[in-house]
Peer 1: 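Handing you a structure now.
Quick note: residue numbers are just sequence positions, from 1.
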Amino acid sequence: MSLRLTSPLGRVARGLSPLVALYVVLVTGPLAAAPPPAEVGMLRVDGRTLTLTQAYLFRVPDAFEATQKNAFVLLTPQPLDAKALAAATSLAAVRALFSEGVQIEIGADGHGKIWLCHDALGKGNCYQTAFSAFDAKIESNTAARVAGSIRSFGGAEETVLETHKLLFELKFDLAAGRDLAARR
């Protein structure tokens, strides 16, 4: 029987028999907490920061060219309801599950739009703009992988909608993704 312990307590228990080491783990509880979800981005509006930890990828029909499929990335602070997400067959149904975070649509040409959604803008409100308004780098936009980064110009806070201070930094690297049959 082999037991591997990686905490400082584990180093002390290393010289002990496997049964004694197991007893130490059971009595003291987990030696290392589960790592927090990987951060995929940060969105700050008016000094209120939203840490984004979840990323989802969908393929959706383009708004004007129905035969073209665009990548649609959702970045959220909390996991979305898995059952409801699996049951969603349209982009509208997926968006209905979303309240805060970032929505990114990337066309076949690598250009796209971004929706920055934060309660500081008003619950359920999003600031929408084209990539050209920010530093956007799309590294991959293929059927197998969508990856890139988008941030406020120069990584500096800027004023949007004439009143809100906005700062964000996003990074995503997602494989495959689920096709949605319709936008609505």
Side-chain angles (χ1 to χ4, degrees), residues 36-80 85 88 90-122 124-180 182-184:
E39 186 174 319
V40 295
M42 176 276 299
L43 169 60
R44 185 169 67 216
V45 178
D46 297 336
R48 293 174 42 199
T49 301
L50 188 62
T51 301
L52 306 168
T53 61
Q54 308 296 310
Y56 302 89
L57 173 62
F58 300 92
R59 298 289 176 178
V60 301
D62 184 76
F64 301 104
E65 188 65 43
T67 59
Q68 176 183 314
K69 289 283 190 169
N70 293 343
F72 195 87
V73 176
L74 287 180
L75 305 175
T76 65
Q78 300 293 326
L80 298 177
L85 199 58
S90 70
L91 180 57
V94 167
R95 280 180 151 171
L97 303 173
F98 177 91
S99 61
E100 273 192 304
V102 177
Q103 303 173 30
I104 304 163
E105 185 166 1
I106 307 165
D109 61 0
H111 292 92
K113 295 180 199 161
I114 185 169
W115 292 262
L116 303 166
C117 308
H118 194 296
D119 281 349
L121 297 170
N125 290 331
C126 300
Y127 172 69
Q128 177 194 346
T129 189
F131 286 173
S132 60
F134 302 109
D135 287 338
K137 293 179 180 98
I138 304 304
E139 298 162 17
S140 178
N141 185 22
T142 66
R145 180 175 170 247
V146 174
S149 60
I150 307 172
R151 69 181 189 142
S152 307
F153 269 126
E157 188 174 73
E158 49 194 281
T159 302
V160 298
L161 304 173
E162 299 180 16
T163 58
H164 296 287
K165 300 289 185 193
L166 175 72
L167 176 69
F168 66 94
E169 181 106 19
L170 314 168
K171 188 160 184 66
F172 49 92
D173 192 336
L174 302 162
R178 195 174 113 218
D179 280 1
L180 296 175
R183 291 185 76 86
R184 298 189 186 276

Peer 1: Please name the pair of heavy atoms, one in Phe131 and one in Glu105, separated by the smallest distance, quoted to 0.1 Å.
Peer 2: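 Closest approach of Phe131 to Glu105, heavy atoms only: CZ-O, 3.9 Å.
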
Peer 1: Taking side chain as C-beta onward, heavy atoms only, is His118 less than 4.5 Å from Tyr127?
Peer 2: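 Side-chain contact under 4.5 Å: no.
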
Peer 1: Phe58 versus Leu91: any side-chain heavy-atom pair under 4.5 Å?
Peer 2: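 Side chain of Phe58 against side chain of Leu91, heavy atoms only: no contact under 4.5 Å found.
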
Peer 1: To the nearest 0.5 Å, what is the distance between CG (Leu75) and CG (Leu170)?
Peer 2: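 Output value for this atom pair is 6.0 Å.
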
Peer 1: Does any part of the side chain of Val94, heavy atoms only, come nearer than 4.5 Å to the side chain of Tyr56, both counted from C-beta?
Peer 2: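 Tyr56 does not reach Val94 side chain to side chain.
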
Peer 1: So do Met42 and Leu167 actually touch side chain to side chain, heavy atoms under 4.5 Å?
Peer 2: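 Result yes, sub-4.5 Å side-chain heavy-atom pair found.
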
Peer 1: Check Leu80 against Thr76 and note the closest heavy-atom contact, atom names and distance.
Peer 2: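 Closest pair (atom of Leu80, atom of Thr76, distance): CD2-CG2, 4.2 Å.
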
Peer 1: Take Asp46 and Leu121 through the side-chain contact (heavy atoms from CB on, under 4.5 Å) test and state the conclusion after the steps.
Peer 2: CA-CA 9 Å; Asp46 297 336; Leu121 297 170; 5.9 Å; no

Peer 1: To the nearest 0.5 Å, how far apart are NE2 in His111 and CG in Asn70?
Peer 2: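 Separation between the atoms: 13.0 Å.
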
Peer 1: Taking the side chain as C-beta and beyond, is there a heavy-atom pair between Phe172 and Val40 under 4.5 Å?
Peer 2: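 No, side chains not in contact.
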
Peer 1: Which residues satisfy the salt bridge (charged side-chain N to carboxylate O under 4.0 Å, His left out) test with Glu100, sequence neighbours excluded?
Peer 2: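 If we apply the salt bridge (charged side-chain N to carboxylate O under 4.0 Å, His left out) test to Glu100, skipping adjacent residues, there are no hits.
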
Peer 1: Specify the closest pair of heavy atoms between Ala71 and Leu57, including all atoms of both residues, with the distance to one decimal.
Peer 2: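 Taking every non-hydrogen atom into account, CB-CD1, 4.0 Å.
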
Peer 1: If you define the side chain from C-beta out and look only at heavy atoms, does anything of Gln68 sit under 4.5 Å from Asp109?
Peer 2: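 Answer no - side chains too far apart.
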
Peer 1: Identify each donor-acceptor pair in which a side-chain atom of residues 149-161 lies under 3.5 Å from a protein atom, sequence neighbours left out, and give them as a table.
Peer 2:
| from | atom 1 | to | atom 2 | distance (Å) |
| --- | --- | --- | --- | --- |
| Ser152 | OG | Phe168 | N | 2.9 |
| Glu158 | OE2 | Phe153 | N | 3.4 |
| Thr159 | OG1 | Lys165 | NZ | 2.9 |

Peer 1: To check you understand the geometry: which heavy-atom pair defines the closest contact between Ser99 and Cys117, and what is its length?
Peer 2: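 That would be O-CB, 3.9 Å.
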
Peer 1: Are Gln103 and Phe98 side-chain neighbours, meaning at least one heavy-atom pair lies under 4.5 Å?
Peer 2: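 Yes. Closest side-chain heavy atoms under 4.5 Å.
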
Peer 1: Mind listing the closest non-hydrogen atom pair of Lys69 and Arg59 along with its distance?
Peer 2: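 Taking Lys69 first and Arg59 second, the nearest heavy atoms are NZ-O, 4.0 Å.
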
Peer 1: Could you check if a side-chain atom of Ser90 sits within less than 4.5 angstrom of a side-chain atom of Arg183, using non-hydrogen atoms only?
Peer 2: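 With C-beta onward as the side chain, the pair stays apart.
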
Peer 1: Considering all heavy atoms of both residues, which atom of Val45 and which atom of Ala120 are nearest to each other, and what is their separation?
Peer 2: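 Result for this residue pair: CG1-CB, 3.6 Å.
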
Peer 1: Mind checking what makes salt bridge (charged side-chain N to carboxylate O under 4.0 Å, His left out) contact with Asp62, not counting sequence neighbours?
Peer 2: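 Once residues adjacent in sequence are excluded, Asp62 has no partner under the salt bridge (charged side-chain N to carboxylate O under 4.0 Å, His left out) criterion.
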
